[in-house]
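Order of listing sets the numbers, starting from 1, for every ligand and every atom in it. Sequential numbering from 1 along the given sequence is applied to the chain's residues.
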Amino acid sequence: MRLQFLLLLFLTSIINAQTKQREIKELLTKVVPLAVQQYTRLEKATPDSSMPRSFTAKNNSLVFSDIKWWCSGFFPGSLWYIYELSNNASIKKMAEKRTWELAPMQYFTENHDLGFMIYCPFGNAYRLTKDSSYKSIIHNGAKSLLTRYRPSIQSIQSWESSSRLSCPVIIDNMMNLELLYWSSLNGGSPTSREIAITHANTTIKNHFRSDFSSYHVIDYDLQKGTILKKVTWQGLNDSSSWARGQSWGLYGFTMMYRFTKNEVYLKQAQGIANYLSSHPNLPADKIPYWDYNVTDDKMNFRDASAGAIMASALLELARYSTKADRVKYLNLAETIILSLGKSEYLSIDGESGGFLIKHNVGSLPHKSEVDASLTYADYYFLECLQRYKKWYL
Ligand code: GLY
């Protein structure tokens with residue numbers, strides 16, 4: 001009897017996995033032409049040397065940013081993914097044009113966001129074209145980021161000091177390590193990967209709690225090399241789990257395992273994945289609220305960007321994990337992707353000013369971009385589709 005039950009369970013899980021795979025295949029046939037249309041519209045609406053930043057249904061208007069905004073790289077990066085998925089020549093032209101508009105950012109040293117601003121556009125451009133002129137921009141971007149490394153705290157400083165924070169390092173900073181590591185493996189300085197490893201190790205030591213949730217900001221005393229405080233900037237409170245920060249951590253440690261094959265990073269990523277997947281406040285459609293600790297109904301906005309980043313990371317983590325974990329991570333990623341593909345989250349043609357994904361939160365405590373379309377949600381959703389197609393179809 002027990003054997004029959006286990007067999008039934010096994011067969012059901014295979015059928016479920018096959019169903020989800022088929023549904024994502026169907027989703028791809030719908031999203032790719034939609035993305036071509038939406039991003040063509042968005043590109044036309046965007047002034048030269050500006051990038052689309054957000055859209056809110058309430059104001060029914062697009063907001064643009066200059067190239068110094070931390071998100072400027074996501075629009076060209078998304079265009080590269082759409083080109084990869086569609087093979088559409090005019091999208092490729094747009095991707096090239098918008099990528100080159102960001103070239104001045106290779107020398108930017110005012111914050112840590114070089115990974116997003118340089119690696120997302122130029123990294124994808126090089127991956128898809130092998131044009132070496134993109135590569136030199138990536139190496140220069142890595143050099144600029146290295147100027148922010150602070151030996152006394154074994155970390156890269158995220159933001160400049162302010163009246164509230166002395167030397168802030170945020171969990172998001174894990175994402176910039178991809179630029180450093182890739183550069184170092186592709187003709188850049190070996191120092192880049194040494195610093196990436198040092199930063200990742202300090203992050204494990206100082207950013208994480210025993211349950212694998214993470215603080216958003218660690219504020220350091222640069223002179224003494226000590227921690228001043230562990231706080232939040234975009235989360236509900238200092239001890240809460242800000243949703244996008246948890247996703248950045250998951251993605252960052254999965255990516256560090258890809259490069260190093262260091263089991264410590266794999267365990268860290270799996271610990272985060274297990275914490276998130278079993279969190280009692282993760283809704284049934286697996287799209288997180290903007291903070292896992294939100295309980296107030298008036299504040300329970302979803303952050304689809306946190307879901308998209310988590311799903312993209314889980315697609316990769318599943319490939320490095322053993323059978324039971326692999327099934328769990330892949331299943332969760334598939335659920336998130338399929339939720340994002342439903343009309344609740346996915347814009348229809350002509351909606352959201354050209355963006356794809358609705359219902360994201362930039363920073364709720366700052367009342368900024370609450371329930372908006374945001375470039376990084378689209379970028380990681382498209383990355384999910386590109387990764388799923390490449391690895392699982
Ligand atoms: N790096 C800023 C954010 O995730 O909002």
Side-chain angles (χ1 to χ4, degrees), residues 51-56 63 65-75 77-78 105 108 110-121 141 145 148 155-160 162 164-165 168-180 199 203 207 213-219 231-238 240-253 255 272 276 287-292 294 301-313 355 357 359-381 383:
M51 295 291 159
R53 174 174 162 167
S54 64
F55 178 91
T56 42
V63 175
S65 72
D66 65 22
I67 59 169
K68 285 186 171 186
W69 179 238
W70 73 274
C71 304
S72 59
F74 293 119
F75 180 58
S78 292
M105 298 310 289
F108 183 78
E110 292 165 28
N111 66 42
H112 70 154
D113 287 312
L114 274 300
F116 295 130
M117 296 188 285
I118 294 293
Y119 192 73
C120 295
L145 181 55
R148 301 189 64 81
S155 298
I156 297 163
Q157 181 168 352
S158 296
W159 303 326
E160 299 300 79
S162 64
R164 281 174 61 188
L165 297 164
V169 179
I170 63 175
I171 185 67
D172 324 27
N173 208 339
M174 283 301 301
M175 298 299 285
N176 296 308
L177 307 185
E178 191 166 10
L179 168 71
L180 294 182
H199 183 96
T203 303
H207 266 85
S213 68
S214 64
Y215 291 96
H216 185 195
V217 186
I218 308 297
D219 193 22
V231 291
T232 197
W233 187 257
Q234 281 156 265
L236 182 68
N237 57 52
D238 294 345
S240 73
S241 296
W242 173 52
R244 199 162 50 255
Q246 311 309 304
S247 295
W248 291 141
L250 174 65
Y251 194 115
F253 283 102
M255 171 264 296
I272 301 167
L276 297 179
I287 307 298
Y289 298 109
W290 64 280
D291 190 299
Y292 283 86
V294 164
F301 297 97
R302 301 299 186 94
D303 181 15
S305 77
I309 298 157
M310 173 165 43
S312 186
F355 283 107
I357 299 295
H359 305 308
N360 308 283
V361 174
S363 179
L364 193 128
H366 300 93
K367 296 190 172 53
S368 170
E369 301 171 335
V370 176
D371 200 20
S373 289
L374 295 165
T375 46
Y376 39 98
D378 283 14
Y379 178 85
Y380 289 100
F381 175 60
E383 185 177 85

Participant: With rounding to the nearest 0.5 Å, note down the distance linking CG in L114 to CE in M175.
Facilitator: 14.0 Å
Participant: For D172, counting its heavy atoms only, list the atoms of ligand 1 lying under 4.0 Å from any of them.
Facilitator: 1 (N), 2 (C), 3 (C), 4 (O)
Participant: Is the centre of the Y376 ring less than 6.0 Å from the centre of the F74 ring?
Facilitator: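 Yes.
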Participant: Please write down residue, atom name and distance for the protein heavy atom closest to atom 5 (O) of ligand 1.
Facilitator: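 Of every protein heavy atom, R244 NH2, 2.5 Å lies nearest to atom 5 (O) of ligand 1.
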Participant: In this structure, does ligand 1 have an atom that sits under 4.0 Å from one of the heavy atoms of W242?
Facilitator: yes
Participant: Give yes if a backbone or side-chain nitrogen or oxygen of Q234 is under 3.5 Å from a nitrogen or oxygen of ligand 1, and no if not.
Facilitator: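 So ligand 1 has an N or O lying under 3.5 Å from an N or O of Q234.
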Participant: Once you measure the plane-to-plane angle for W159 and H112, does it fall in the parallel (<30°), tilted (30-60°) or perpendicular (>60°) bin?
Facilitator: perpendicular
Participant: If I compare all heavy atoms of P168 with all of D219, which pair ends up nearest, and what's the gap?
Facilitator: N-OD1, 3.6 Å
